[in-house]
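The block underneath contains the structure these notes are about, expressed in structure tokens.
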Amino acid sequence: MAHRPPPQMPDTLSDAFAAAVLLSSTDKPDTLPPGRLSPVSPLRHSSKFPTPSSSSGSSGSVSRTPVAPASTLASRRSHSGEIPLPSDGPPRGSRPGHRRTGSGPLIFTSGSSSATSPLTNALPAGNICPSGRIAKPLSSCSASTPPPPPPPRATRHDVLGSGTANYGHGSIVRSRSGGVVVAEEDALVRRAMSSADPEELKRAGNEQYKKGYFEEALRLYDRALALCPDNAACRGNRAAALIGLRRLGEAVKECEEAVRIDPSYGRAHQRLASLHIRLGHIEDAQRHLSLATPQPDLLELHRLQTVEKHLGRCMDARKVGDWKSVLRESDAAIAAGADCSATLFTSRAEALLRLNQLDEADLAISSTSKLDFSSSCTPGTKFCGFLANAYLFYVHAQVDMALGRFDHAVSSIDKSRIIDPGNAEIVTMHNIVKAVASARSLGNELFNSGKVSEACLAYGEGLKHHPVNPVLYCNRAACRFKLGQWEKSIEDCNEALNIQPNYPKALLRRAASYGKMERWVESMKDYEVLRKELPGDTEVAEAYFRAQVALKSSRGEEVSNMKFGGEVETITGMEQFQIATSLPGVSVIHFMTSLNQQCCKISSFVNALCTRHPSINFLKVDINEIPAVARAENVRTVPTFKIYKNGIRVKEMICPSQQLLDYSVRHYGS
């Protein structure tokens, strides 16, 4: 068939249209165009049973749909550390398999902002007669549209107690045998799977899809396609289920098979365009939008235009080394719709790396492993002169090298060069990674064999190739510490911390170097940061305690009573209590009784605080065993805590929370 030229992208949108794109809808499996049952069936619908037309769009795409009542809308947000992959779903507010027209204003929405609750009175999918009844399909391979799905269900092996119970807005309904309704659903799927009628299998798949049971829907569509493999509409339905399962690469292949069977299948082209936008494939998205019938979706065109604009700005910024702009435009392209583009997430990681935000860069590059890499970085796809998959390994190698994972860095850059051997940037980075990894390996060998001066030179050679490597600076600082070069050791630690703030090894070595120079205030500051970063590290706690003792001693303060670590001390008499609370430093007194549950509960936390703050004296008083102390301190409620500093009571807390107790100990103990 003759193809229409690609539509012109609109430069601007009207105010009404711009306001409309603030809301979102999801896609649905689809039917063939009106008047056709199947690309392999010449049968036509009779005028007696008109075929409803379905709306266009796909997961993350924008569809024109009637507005659902406000009570049916619920917000949906995506997980921390994890990438958002919204499931493919149909327009809201419409009957399954039927698109309403002329029944109120159309609101345009985008796919990841909100979701609707399941339709409660959804009709089975199929052809809708004027009377409202379901028309009998005319062919075993005819198209049928699955109704809209709710969010995917949770794992179904939960076991509930017998009987019925009200939960939220409804009841848990049980079968006569006592099993939950999930068992009945499984039985329905098993019965449907035994059918030899593709239409029955398709309807059953649609029912499962409607309920959010995408795995079961996929099994049923697979069975239907085994019986009728050239059914383009069923392949489109299968693609929708795959999108619901976040298997976008497979969904692309399924849609491509659908348009191979029926090149005029506009709905499959529409879904392909939406998928390619999500994957960041601008040219592929443009091509399929131009083939979408009866006409391309204007919202999809706008989404594509927005992604293309930010992607272009991102590439321009990278060429001039404007990494803040690269980060901003990458984020904007992802937010605009390219939420599954491994290339954009890689670009984001590279920008964060160049901005010395190493932990964030590592998180960004790691998130690409959660994407469908094979479909997002297809062979031949280019980004800023790189083959896309080579670019991913190129950036991964740099992040690994910066964080000291040198073996992984070498492996990644080797893969990048194999994929794109002619790229000058990859060749240069390949040489750098190899040289830095070799220098680090040689330096470690020399250091471990006691040749500290030679190790220092080896690390320095590595820094000539990669002058922003915090690991090499930190390793050279360790050499200079052993050589007694305290000032130079501090300088190297400063360089490492400028690149990677709060780098624990650099802080530890700088604190130790400050200690050697008797700069105890600076040393304690570093140890305080380390204690927050590594609260359970006893070596850090002990080093901090030694620095505290040295600082107090240098000021002429009494330190003979200071002790490191130990357990909470038990007070056995008034004299012991008076001595303990009059000593220099900080003492925390826990008034308690052994039979009080709240006292027992907080005692374990007090033990943890004692370990965490070894320079503070922690004591406990059982008011039943030592009532004289309780009377003298006017303690009537337990647990009560009192904090003494240099013999003066500075804080009293009755039944404090763990958070308040922890804060108070840190505040007065600093």
Side-chain angles (χ1 to χ4, degrees), residues 9-12 21 60 78 83-85 110-112 248 273-287 289 300-373 375-399 402 412 416 419-420 423-426 428-429:
M9 299 284 184
D11 292 329
T12 60
V21 299
S78 46
I83 303 300
L85 295 171
S110 77
S112 60
L248 301 189
S274 179
L275 285 166
H276 283 304
I277 291 172
R278 295 186 69 187
L279 296 170
H281 301 162
I282 302 301
E283 292 180 1
D284 288 333
Q286 289 172 338
R287 177 166 55 87
L289 268 182
E300 286 298 289
L301 282 173
H302 173 65
R303 201 158 67 103
L304 174 59
Q305 180 187 19
T306 305
V307 170
E308 184 179 22
K309 176 183 68 176
H310 290 299
L311 185 58
R313 289 176 179 175
C314 174
M315 292 190 287
D316 290 341
R318 188 186 184 279
K319 289 175 184 176
V320 298
D322 183 358
W323 298 108
K324 288 184 178 179
S325 294
V326 171
L327 180 60
R328 182 178 64 251
E329 296 301 330
S330 295
D331 285 341
I334 291 167
D339 60 343
C340 298
S341 172
T343 304
L344 280 168
F345 278 94
T346 303
S347 172
R348 187 174 189 278
E350 185 181 28
L352 289 165
L353 177 67
R354 301 295 188 190
L355 295 170
N356 291 337
Q357 299 180 38
L358 301 192
D359 292 336
E360 293 85 349
D362 190 32
L363 184 63
I365 199 68
S366 298
S367 68
T368 60
S369 64
K370 300 174 185 176
L371 302 173
D372 194 335
F373 174 74
S375 60
S376 186
C377 294
T378 53
T381 304
K382 286 210 165 189
F383 178 80
C384 293
F386 294 84
L387 289 174
N389 45 3
Y391 175 63
L392 187 144
F393 287 118
Y394 167 82
V395 175
H396 216 309
Q398 294 178 73
V399 174
S412 292
S416 182
I419 295 167
D420 197 356
N423 186 286
E425 287 189 64
I426 291 175
T428 301
M429 186 54 62

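Keep in mind that this is a model prediction, so the values were computed, not measured. Counting begins at 1 with the first residue of the sequence.
Counting heavy atoms from C-beta outward, Ser347 and Glu329 have side chains that stay 4.5 Å or more apart. In this structure the side chain of Glu300 reaches within 4.5 angstrom of the side chain of Ser274, judged on heavy atoms. Counting heavy atoms from C-beta outward, Val326 and Cys314 have side chains that approach closer than 4.5 Å. Contact of the Leu304 side chain with the Ile282 side chain is registered, since non-hydrogen atoms from C-beta on lie closer than 4.5 Å.
Here CG of Asn356 is found 6.0 Å from CG of Leu358. Values are rounded to the nearest 0.5 Å. Distance check, rounded to the nearest 0.5 Å: CG of Leu289 to NE2 of His276 gives 10.5 Å. Atom-to-atom distance recorded for Arg303:CZ and Gln305:CD is 13.0 Å, nearest 0.5 angstrom. Interatomic distance, Asp339 CG to Leu279 CG, rounded to the nearest 0.5 Å: 8.5 Å. To the nearest 0.5 Å, atom CG of residue Leu387 and atom CD1 of residue Ile419 are 8.0 Å apart. Expressed to the nearest 0.5 Å, how far OH of Tyr394 lies from CG of Asn389 amounts to 15.0 Å.
In this structure, Ala351 and Trp323 approach most closely via the heavy-atom pair CB-O, 3.6 Å. When all heavy atoms of Asp420 and Gly385 are compared, the closest pair comes out as OD2-O, 4.1 Å. Closest of all the heavy-atom pairs between Val307 and Ala333 is CG2-O, 4.0 Å. Pairing each heavy atom of Val399 with each of Leu353, the nearest pair is N-CD2, 4.1 Å. Here the closest heavy-atom approach between residue Thr368 and residue Ala342 is recorded as CG2-O, 3.9 Å.
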Report task. With side chain to side chain donor-acceptor pair (under 3.5 Å) as the test, would you mind laying out the steps for Tyr391 and Glu350 before giving the verdict? Result -> CA-CA 10 Å; Tyr391 175 63; Glu350 185 181 28; 2.5 Å; yes
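For Arg287 and Asp284, the salt-bridge test passes: some basic side-chain N is under 4.0 Å from an acidic carboxylate O.
With sequence neighbours excluded, the residues forming a side-chain contact (heavy atoms from CB on, under 4.5 Å) with Glu360 are Leu352, Gln357, listed by chain and number.
Between the side chains of Arg328 and Ser325, a donor-acceptor pair is found at a separation under 3.5 Å.
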